[in-house]
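Below is one structure, written out as structure tokens; comments come after it.
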Amino acid sequence: MTENVSNVSKEHAMNIMNVDYSTKIPNNVNLSEDRQVLKALEGWHPGYMNWWGDMGPEGFQQSLVYLRTAYSVDPRGWAKFDYVKMPDYRWGILLAPQEENRVIPFGEHFGEPAWQEVPGEHRAMLRRLIVIQGDTEPASVEQQRHLGKTAPSLYDLRNLFQVNVEEGRHLWAMVYLLQKYFGRDGREEADDLLRRRSGDADSPRMLGAFNEATPDWLSFFMFTYFTDRDGKMQLHSLAQSGFDPLSRTCRFMLTEEAHHMFVGETGISRVVQRTCEAMKAAGISDPSDVARVRALGVVDLPTIQKKLNLHYTLSLDLFGSEVSTNAANAFNAGIKGRFHETQIKDDHRLQNSTYPVLKLVNGEIKRVDEPALTALNMRLRDDYTQDCIKGLLRWNKIISTAGYDFKLTLPNVAFHRQIGEFKDIHATPDGVLIDDATWNKRKGEWLPSTDDGDFIASLMIPVTGVGEFASWISPPKVGIDNKPGDFEYVKIET
Ligand code: BYC
């Protein structure tokens with residue numbers, strides 16, 4: 001008897017772990033028995049494919065790309081690699097396994113059983129957060145659609161497309177939640193996610209950074225390092241949600257997201273590495289000798305710093321205002337928690353605690369204690385900054401190992417902001433407040449100028465030979481799926 005029960009539950013666990021590919025939309029949520037949602041998703045599918053055709057990677061749609069596809073949600077092994085034409089990629093609905101007896105880990109409902117259905121009183125807030133999350137996913141694909149044409153290698157081209165198809169899958173993940181749990185208005189929101197366009201004057205994407213251009217591959221690496229990392233932090237917060245389907249969805253998305261940030265971190269490492277090697281070979285001792293370094297066909301370190309300044313600050317804006325009642329309400333409601341909420345040792349309600357927030361006080365940047373509940377965006381942003389620093393340490397190690405006295409740094413949070421406490425002032429990357437005239441005169445020292453953009457654009461010449469790399473970037477240390485250096489990651493068919 002006991003044996004039977006355990007066999008049944010083992011089989012159930014297997015079904016949740018493994019993805020059902022027999023339906024048009026692969027899934028581990030038993031869609032074949034959820035006809036209504038399956039029908040809604042199948043109805044949305046053609047619009048998605050049209051969007052992918054119009055706004056997905058430009059060209060290469062008939063090329064065979066060596067992509068990973070999820071066949072399971074088992075953290076010990078979930079991906080299968082094979083050549084796929086992107087339009088044939090199996091975008092699916094994958095939720096991490098349900099945790100038995102999970103409780104809401106924070107807020108007013110702390111300790112109550114997690115919700116399997118949408119709690120009526122928090123419906124609007126939950127829908128808004130899911131829509132914002134969903135909106136960023138196709139936006140990034142739109143921003144990156146032209147990059148295939150200038151890829152520095154087949155390895156990088158493949159990584160771009162891997163990121164793109166998985167962001168597409170993340171859109172499916174949010175659309176599933178909208179269609180399954182939010183009825184008619186959920187279906188309307190799902191349609192709107194295919195209607196908005198990154199950078200469109202009439203119908204832009206919802207958050208600032210997702211309407212900016214990603215003009216070149218250095219921007220792509222910065223974006224996947226800094227902006228995808230905001231994605232990581234936000235997904236971690238939503239993975240704590242009392243609404244269990246959202247939590248499970250985000251937990252699986254996070255496993256995919258790790259590769260995107262890897263692409264960013266190693267991409268920047270490889271650019272820095274190549275620059276240092278070229279400077280050394282040419283006997284250049286001053287990395288700030290921009291003209292001489294550029295003449296070598298590599299990106300000078302000061303320009304890398306400017307790109308970093310831009311993408312880090314655009315990403316800081318994605319955390320919202322430092323002091324936010326929206327954030328407090330979402331926490332109280334048990335909808336959006338903190339980074340690693342369950343590992344934090346406190347009361348998880350925060351009614352009486354404070355958190356130090358950087359604010360503008362009488363024209364000076366000061367740390368002020370604010371109620372911890374309203375300071376949750378600031379706290380998440382601080383956790384984010386700590387996470388960002390890890391990459392900088394690695395990049396700086398490459399520079400110092402090459403013998404150069406130059407350090408990449410994160411600019412002060414008051415620098416170049418469009419959201420929050422510092423949006424109406426100007427500050428230098430060191431956090432010194434300056435007036436408009438000084439800002440206008442000096443901003444080209446800190447942010448990429450048109451000249452910088454033109455120089456980087458001049459390097460963006462596609463390299464499509466097997467095992468070959470552009471002049472400005474080093475080959476990776478290891479291949480994807482342990483493939484050798486001369487592996488043909490994309491079989492280009494035009
Ligand atoms: N741009 O109280 P406030 C990712 C709005 S990235 C435009 O300060 P709140 C990915 C805000 O909507 C992660 N508007 O902020 C990465 C509000 O408007 P309403 C995406 C902004 O609400 C790479 C008003 O200002 N996921 O996954 O506490 C590739 C006052 O808001 C912005 C999420 O963001 C902005 N930057 O926090 C692919 C998670 N900031 O409602 C994917 C879900 C604020 O008054 N979102 N506003 O009209 C949230 O948790 C929060 O909505 C935010 C803002 C963190 C975005």
Side-chain angles (χ1 to χ4, degrees), residues 124-145 147 160 162-174 177 193 196 198-199 204-212 214 219-241 243 246-247 249-250 253-254 256-261 263-264 311-333 335-339 357 370 373-381 383-384 387 416-423:
M125 185 194 295
L126 199 46
R127 194 186 67 195
R128 174 180 170 272
L129 292 181
I130 293 171
V131 168
I132 294 179
Q133 182 61 49
D135 192 68
T136 62
E137 315 290 359
S140 67
V141 177
E142 292 164 4
Q143 289 171 297
Q144 295 161 13
R145 71 181 302 254
L147 289 174
L160 168 72
Q162 183 72 65
V163 168
N164 291 163
V165 293
E166 285 176 354
E167 298 302 5
R169 201 201 71 70
H170 293 176
L171 170 61
W172 275 93
M174 293 301 125
L177 294 179
L193 287 169
R196 288 185 288 273
S198 173
R205 291 293 172 186
M206 298 172 86
L207 300 180
F210 293 91
N211 289 303
E212 298 283 333
T214 310
S219 280
F220 171 66
F221 294 136
M222 291 291 175
F223 184 97
T224 42
Y225 187 78
F226 288 108
T227 308
D228 277 81
R229 193 168 305 275
D230 165 56
K232 167 185 167 180
M233 304 311 287
Q234 301 291 351
L235 288 174
H236 264 285
S237 304
L238 295 174
Q240 301 290 340
S241 184
F243 179 49
L246 175 61
S247 162
T249 304
C250 291
M253 287 164 76
L254 278 164
E256 295 170 303
E257 202 63 45
H259 176 64
H260 307 185
M261 287 174 292
V263 167
H311 287 273
Y312 174 64
T313 52
L314 286 173
S315 304
L316 288 180
D317 282 342
L318 293 172
F319 289 84
S321 304
E322 289 82 348
V323 177
S324 163
T325 48
N326 283 345
N329 291 339
F331 185 88
N332 269 337
I335 299 290
K336 187 179 174 197
R338 290 172 290 177
F339 184 54
V357 173
E370 287 284 337
L373 271 175
T374 48
L376 282 164
N377 286 346
M378 174 83 190
R379 179 179 178 131
L380 191 64
R381 206 187 71 195
D383 290 335
Y384 167 78
D387 213 49
H416 185 239
R417 299 299 307 282
Q418 280 141 51
I419 298 278
E421 196 63 24
F422 305 109
K423 69 179 190 302

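Both counts, for ligands and for their atoms, begin at 1 and track the order of listing. No hydrogens, no waters, no symmetry mates; every other heavy atom, side chains included, goes into these values.
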Any idea which protein heavy atom is nearest [atom], and the distance to it?
atom	value
atom 50 (O) of ligand 1	K336 NZ, 2.5 Å
atom 51 (C) of ligand 1	L129 CD2, 4.2 Å
atom 2 (O) of ligand 1	S324 OG, 2.8 Å
atom 32 (C) of ligand 1	I419 CD1, 3.6 Å
atom 54 (C) of ligand 1	G320 CA, 4.0 Å
atom 16 (C) of ligand 1	T227 O, 3.4 Å
atom 29 (C) of ligand 1	E167 OE2, 3.5 Å
atom 52 (O) of ligand 1	I132 CD1, 3.3 Å

Can you tell if the side chain of [X] reaches within under 4.5 Å of the side chain of [Y], non-hydrogen atoms only?
X	Y	answer
R196	N211	no
E212	H311	no
Q162	V263	no
L207	D135	no
K336	M125	no
R417	D317	yes
Q143	E167	no
F226	L314	no

Of the listed options N326, L235, L207, closest to atom 31 (O) of ligand 1 (non-hydrogen atoms) | N326
Evaluating non-hydrogen atoms only, which member of F226, F210, F319 is closest to atom 10 (C) of ligand 1?
-> F210
Is [atom] less than 4.0 angstrom from some protein heavy atom?
atom	value
atom 24 (C) of ligand 1	no
atom 48 (O) of ligand 1	no
atom 38 (C) of ligand 1	yes

Can you tell me if H260 and E166 form a side-chain donor-acceptor pair at under 3.5 Å?
-> yes
Does a side chain donor of either S247 or S241 reach within less than 3.5 Å of an acceptor in the other side chain?
-> no
Using heavy atoms and a threshold below 4.0 Å, how should the contact between [X] and ligand 1 be classified: side chain, backbone, both, or neither?
X	value
D228	both
Q418	neither
S321	both

In ligand 1, which numbered atoms sit nearer than 4.0 Å to a non-hydrogen atom of [X]?
X	value
M206	7 (C)
A327	28 (O)
N377	9 (P), 15 (O), 28 (O), 37 (O)
L318	36 (N), 55 (C), 56 (C)
D230	6 (S), 13 (C)

Between N377 and S321, is there a donor-acceptor pair closer than 3.5 Å when you use the side chain of the first and the backbone of the second?
->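 Yes, the answer is positive, given that a donor and an acceptor are paired below the 3.5 Å cut-off.
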Main-chain N/O of V357 paired to E370 side chain as donor or acceptor, under 3.5 Å | no
Is there at least one pair of N or O atoms, one from [X] and one from ligand 1, spaced under 3.5 Å apart?
X	result
G208	yes
Q133	yes
D317	yes

Does ligand 1 have any atom that is closer than 4.0 Å to a heavy atom of R128?
->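 Contact present.
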H170 near ligand 1, heavy-atom distance under 4.0 Å?
->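 H170 does not count as a contact of ligand 1 under the 4.0 Å cut-off.
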Aromatic plane relationship, Y384 with Y312 - under 30° parallel, 30 to 60° tilted, over 60° perpendicular | parallel
How are the rings of F223 and F210 set relative to one another: parallel (under 30°), tilted (30 to 60°) or perpendicular (over 60°)?
-> perpendicular
Looking at CZ of F243 and SG of C250, how far apart are the two atoms once the value is rounded to the nearest 0.5 Å?
-> 10.5 Å
